[in-house]
Protein chains: 2
Amino acid sequence: MSTDEYTNLSEIRQHVLDIAKAQRMAEFFATLSDPNRWRILSALATGELRVRDLADVVDMSESAVSHQLRILRTMRLVRYRKDGRNVFYGLKDDHIFNLYRDISEHLDESDDD
Amino acid sequence: MSTDEYTNLSEIRQHVLDIAKAQRMAEFFATLSDPNRWRILSALATGELRVRDLADVVDMSESAVSHQLRILRTMRLVRYRKDGRNVFYGLKDDHIFNLYRDISEHLDESDDD
DNA sequence: CGCATACTTGAATGTTTGTTCAAATGTTTT
DNA sequence: AAAACATTTGAACAAACATTCAAGTATGCG
């Protein structure tokens with residue numbers, strides 16, 4: 001038997017994430033797949049910041065930051081609050097930093113083995 | 001005062017993830033930012049599979065799967081074992097599926113609010 | 001009102017990324 | 001040894017993405 005399967009594939013197929021769900025997972029992770037977005041999030045972890053100061057602190061242009069904030073907004077990772085001509089952004093919840101801690105450990109593990 | 005900062009920026013700057021660390025985090029998340037890679041991982045969660053069967057089960061070409069496995073390999077999410085002309089892949093650890101559960105919940109939350 | 005400030009938006013651009021296709025490597029079977 | 005099979009690899013191509021730049025909206029100040 002050469003072309004035959006080694007496993008019962010039809011059973012496994014049922015456990016494979018369906019396209020829609022896989023897509024949603026991928027989109028979420030894509031949101032966190034940019035270094036500058038991590039820097040933005042880590043800045044906001046210290047508290048609310050207006051766009052201008054945020055840009056200053058992460059060393060990006062205001063426009064670039066604004067574009068990135070839109071992405072973080074649609075993925076509901078940040079909230080915002082208008083105050084006069086300023087807009088203050090903050091983290092929506094701490095979820096992300098538990099995540100950060102977990103992954104951080106995983107990345108450190110990778111050194112051995 | 002109009003151009004002035006609302007917050008003590010120099011203090012915040014110290015809490016911003018440095019480029020290298022932000023980069024490593026981003027790279028890890030980028031690994032999980034593709035729907036097909038999630039489907040591959042979910043298939044492997046049921047047990048070892050050779051490339052051919054994996055490709056069958058996730059409905060991709062063998063070549064495409066092989067390319068993606070390389071990425072998962074460099075991020076140490078999968079392990080492999082050669083057996084004759086077959087190569088069996090499996091998950092390196094369950095880490096990813098705790099992650100999966102967490103995010104899955106976060107995505108469901110997003111419906112309200 | 002008119003100008004400066006804060007932020008957002010859209011088009012343009014260069015880069016990254018995933019798939020396909022063809023070819024290369026390695027293994028087993030006849 | 002030849003043919004079939006399993007996997008990997010590299011180049012080519014299209015799609016997705018992040019930044020820049022310029023223009024647009026909106027709020028506050030003189």
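Here is how names work: the chains are called A, B, and so on, in the same order as the sequence lines, proteins then strands, and each is numbered from 1. Note that these values count all heavy atoms, side chains included, but never hydrogens, waters or copies made by symmetry.
Between the CD1 atom of A:Ile40 and the C1' atom of D:dA18 there is a distance of 11 Å, given to the nearest Å. Summarising the geometry, the separation between CZ on B:Arg50 and P on C:dT28 is reported as 13 Å, rounded to the nearest angstrom. In this structure, A:Met60 places its CE atom 8 Å from C1' of D:dA18, rounding to the nearest Å. For A:Arg39 and D:dA18, the CZ to P distance is 16 Å, given to the nearest whole Å. Spacing between atom CG of B:Leu32 and atom P of C:dG18 amounts to 12 Å, rounded to whole angstrom units. Computed from coordinates, the B:Asp34 CG to C:dT19 C1' distance equals 10 Å when rounded to whole Å. Rounded to an integer number of Å, the gap from CD of A:Glu62 to P of C:dA4 is 16 Å. The OH atom of A:Tyr80 sits 11 Å away from the C1' atom of C:dT8 (whole-angstrom rounding).
Proximity note for A:Ala64 (side chain, C-beta onward) versus C:dG18, D:dT20, D:dT7: the nearest is D:dT20. The nucleotide whose nearest atom lies closest to any side-chain atom of B:Ser66 is, among D:dT7, C:dT29, C:dT9, D:dT7. Ranking C:dG18, D:dA18, D:dG10 by closeness to the B:His67 side chain, first place goes to D:dG10. Closest to the side chain of A:Arg73, out of C:dG26, D:dA18, C:dT9, is C:dT9. When distances are taken from the side chain of B:Arg85 to each of D:dC5, D:dA18, D:dT27, the shortest belongs to D:dC5. Taking every side-chain heavy atom of B:Val51 into account, D:dT7 is the closest of D:dT7, C:dC7, C:dG18.
Taking 4.0 Å as the cut-off between side-chain N and carboxylate O, A:Arg13 and B:Asp56 count as a salt-bridged pair. A:Asp53 and A:Arg50 are joined by a salt bridge, as a carboxylate oxygen and a charged side-chain nitrogen come within less than 4.0 angstrom of each other.
For A:Asp18, the CG atom counts as densely surrounded, since its 6.0 Å shell holds more than 12 non-hydrogen atoms of other residues, nucleotides or ligands.
On a pure distance criterion of 3.5 Å, a polar donor-acceptor pair joins the side chain of B:Ser63 and the base of D:dT9. With hydrogens and angles ignored, no donor-acceptor pair closer than 3.5 Å exists between the side chain of B:Ser61 and the base of C:dC21.
Backbone-only contact: B:Tyr89 has heavy atoms under 4.0 Å from sugar-phosphate atoms and none from a base. Nucleic acid contact for B:Phe88: none, since no nucleic acid atom lies under 4.0 Å from a heavy atom of the residue. Note on B:Ile71: only backbone sugar-phosphate atoms sit closer than 4.0 angstrom, heavy atoms only; bases stay farther off.
Between A:Phe29 and B:Trp38, the two ring planes are tilted [angle within 30° to 60°].
Side-chain contact between B:Val78 and B:Lys92: absent, with no pair of heavy atoms (C-beta onward) separated by less than 4.5 Å.
The residue from A:Arg73, A:Glu48, A:Arg79 that alone fulfils the side chain to side chain donor-acceptor pair (under 3.5 Å) condition with A:Tyr89 is A:Arg73.
Phosphate contact (OP1/OP2 of D:dT19, side-chain N/O of A:Gln68, threshold under 4.0 Å): present.
Heavy-atom nearest nucleotides on DNA chain C were determined for A:Asn86 and for A:Arg70, and the one closer to the 5' end corresponds to A:Asn86.
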